[in-house]
2 protein chains.
Amino acid sequence: MRNEDPPVSTSVTIVDIARQAGVSIKTVSRVINREEGVGAETRARVQAIIDRLRYRPNASARSLSSRRSYLIGVIFLEVGAYYYVGQVQVGAMRACRRAGYHLVVEQVRTPGAMGGVQAFAQSLREARFDGVVLTPPTCDDPEVLAAIETAGLPYVRIAPDRDFDRSPYVFMDDRAAAREQTLRLWDMGHRRIAFIDGPADHGSAARRRQGYVEALRERGAEPRPEWIVQGAFRSLSGFEAAEGLLGLPEPPTAIFAANDEMAMGVLAAAAKHGLSLPGDLSVVGFDDTPAAEAAWPRLTTIHQPTAEMAEAAVDILIDGFGDERFRGRTAIRQLDYTPMIRDSAAPPRR
Amino acid sequence: MRNEDPPVSTSVTIVDIARQAGVSIKTVSRVINREEGVGAETRARVQAIIDRLRYRPNASARSLSSRRSYLIGVIFLEVGAYYYVGQVQVGAMRACRRAGYHLVVEQVRTPGAMGGVQAFAQSLREARFDGVVLTPPTCDDPEVLAAIETAGLPYVRIAPDRDFDRSPYVFMDDRAAAREQTLRLWDMGHRRIAFIDGPADHGSAARRRQGYVEALRERGAEPRPEWIVQGAFRSLSGFEAAEGLLGLPEPPTAIFAANDEMAMGVLAAAAKHGLSLPGDLSVVGFDDTPAAEAAWPRLTTIHQPTAEMAEAAVDILIDGFGDERFRGRTAIRQLDYTPMIRDSAAPPRR
DNA sequence: GCGGCTTACGACAACGTTGTCTTATCTAGT
DNA sequence: ACTAGATAAGACAACGTTGTCGTAAGCCGC
């Protein structure tokens, strides 16, 4: 067991391994890919040499020959800014690593670049992904979907909003979570509950709004249009929405923001107005970002298992590669939310 | 100009183009890669066919043959959570798109996975990146650097903290920015200025602290140890640090958090203590996240051109590919910060 | 001892590009 | 008119794998 590591790694190939082991390259290939048809003894000998020389197969060659790139794309409308994006990557990467895949980040909208979906589609066809994961709201964009299907790429969507039998997908029951959240406010005694909506093209925002509406109707109240205001999932939009709401002749006693970022904006607006929370105003969010826990008052919200959803999506994708026709399987995976009851919601002060 | 698009794209190759154009595949290859040695007329004819058939070269084949993968890795200690990560990706992707590269995200630390840097190194060698971009604090990790150098990969670092002539890098003068920031507080009249530090392994945190210390000394004051507290760049750590600071017998009148996330935590702690900002306490941050603008009071901070730094890093990387020995060039690129003077800092109330 | 089956392995041709070298053809200089 | 030198294009061999098919050896049943 002397330290006889090879010199600097001037790329050792499958041929080197085969020669050293005295077998054919095909046999080495079989060992690498854990295929059967190799005797235990031979397998061990080859494996030992692979380990000693620190051999790693060349991804390009492998991919050219096998038509598999071991690359999975995760597609965002826009990378950056959101906490959500990071969480998706965390989960997706975990699943990729486990299965020996790499994660390529793609973005449909590239500020300052020419050609929108067109350029994206080109980029797609060139990259040779084995499959892609689509995140909202891109997962509902007909153009994007068409581009991916034209390229013949298997894909899994996270939290899509329609065409549910068009592909496998993973989701969480946003509507139910939002309904519960609203019900909790109502049952605390709130009767003037406002809702700050997400971007119009965002399916999960719409479902959260539905849950809100549903809860009110369930308690026999008709949602008032002036209490449902448009937001953009960014803290500044939450701030502005709350400003409007608090300036109303009959301001709400509770505000439900469709995501935590906007809820943080609401907190800021409340601070500006000198409101004491949660006494003067209850605020609840959705997502459970780290900032929600470090807010004051600590934000009551819904924990969304984003990373786990992304992980499940990649798992479905990779599992599907075995199958002849990926589209045949319409795997669906539902994950659970968790209400995080903290301090920002309380019965309204009389 | 009839609409005679080809049928579904059952992968058209360079051979198809060559046949249709009546030229050799090499000539097509030359057209694709904008090499010289093709007549204008031939070039146009070939290009037209490429466009008509929507041909895109096979990345794997190209990569196998040319030893270039057109893949650039961007390496984080941990993806997720930070605003920073998203911004880096935005910039890096912009540069990649421009040059026809794709961006692969890698993470050194994979929670719940075996093998730390070792597994990472394997993953690296397998992926065949053309080059990688390292972000802090990973860009200062000797093990990671050694792994990358062993693999013979060109790399560019973003905001490294040492070994400045080991590779090209891009940076921003954190120290100067923090010094100015501190000076502004001092010159407003603050004499008890606390600093919430970042993680110990984070070079830019250390430089910001140096700037803070330097500013105080410049004004003839010696920094008090109890006013420099450890944080972790997360909002919760900012909250906790502020709690400690505000409980001091002689609490600071201003708190400088080494990043915005922690500053947001400080804001929360101040709200908890019923402080009126900025009268009772001035708070300043560093980074200029979107949340900083939607806070109340709006957070005074330093705008860091993160996306631009990442973009520059990728540009340097790609430019360097032309050169024989990448290590020969030690390109350095400095970008400027911008103080964002908003409402969270003001002269102390007497 | 023969055919038929299984197991373990190898030969060889893809895979779709790019790199290197060679070969026509055209242009300019004398 | 002849050569030198540029320019345009092609032939062919890599690149490092995997897929397909072939085959030798061993085992079984009779």
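The chains referred to below are lettered A, B, ... by the order of the sequence lines, with proteins before strands, and numbering in each begins at 1.
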Say whether [X] and [Y], considering side chains only, have a donor N or O and an acceptor N or O under 3.5 Å apart.
X	Y	answer
A:S24	A:T27	yes
A:Q47	A:D51	yes
B:T135	B:T138	no

For the residue pair B:H102 and A:F129, does the interplanar ring angle fall in the parallel (under 30°), tilted (30 to 60°) or perpendicular (over 60°) class?
-> perpendicular
Hey, what do you get for CG (B:L134) to CD1 (B:I158), rounding to the nearest 0.5 Å?
->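 It comes to 8.5 Å.
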Take A:Y155 and A:L145 through the side chain to side chain contact (heavy atoms under 4.5 Å, CB included) test and state the conclusion after the steps.
-> CA-CA 9 Å; A:Y155 65 97; A:L145 256 44; 4.0 Å; yes
Passing candidate, side-chain contact (heavy atoms from CB on, under 4.5 Å) with B:Y169, options B:Q334, B:R157, B:R333, B:M309 |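 One option only clears the test, and that one is B:R157.
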Axis-to-axis angle across the helix from C:dG1-D:dC30 to C:dT30-D:dA1, five pairs each end, nearest 10 degrees, ~ 40°
Atom pairs under 3.5 Å, N or O on each side, protein against nucleotides 25-28 of chain D: can you list them with distances?
none

Verify side chain to side chain contact (heavy atoms under 4.5 Å, CB included) between A:Q89 and A:F76, making sure each step is shown before the conclusion.
-> CA-CA 10 Å; A:Q89 291 186 10; A:F76 300 97; 3.8 Å; yes
Kindly indicate, with the supporting measurements, whether the criterion side chain to side chain contact (heavy atoms under 4.5 Å, CB included) is fulfilled by B:V28 and B:I49.
-> CA-CA 10 Å; B:V28 178; B:I49 294 174; over 6 Å; no
Quick tally for nucleotides 9-17 of chain D: nucleotides whose base has a protein heavy atom under 4.0 Å get B, sugar-phosphate-only ones S, the rest -, giving BBB--BBBB
State plainly whether the residues A:R43 and A:E36 are in salt-bridge range, i.e. N to O under 4.0 Å.
-> no
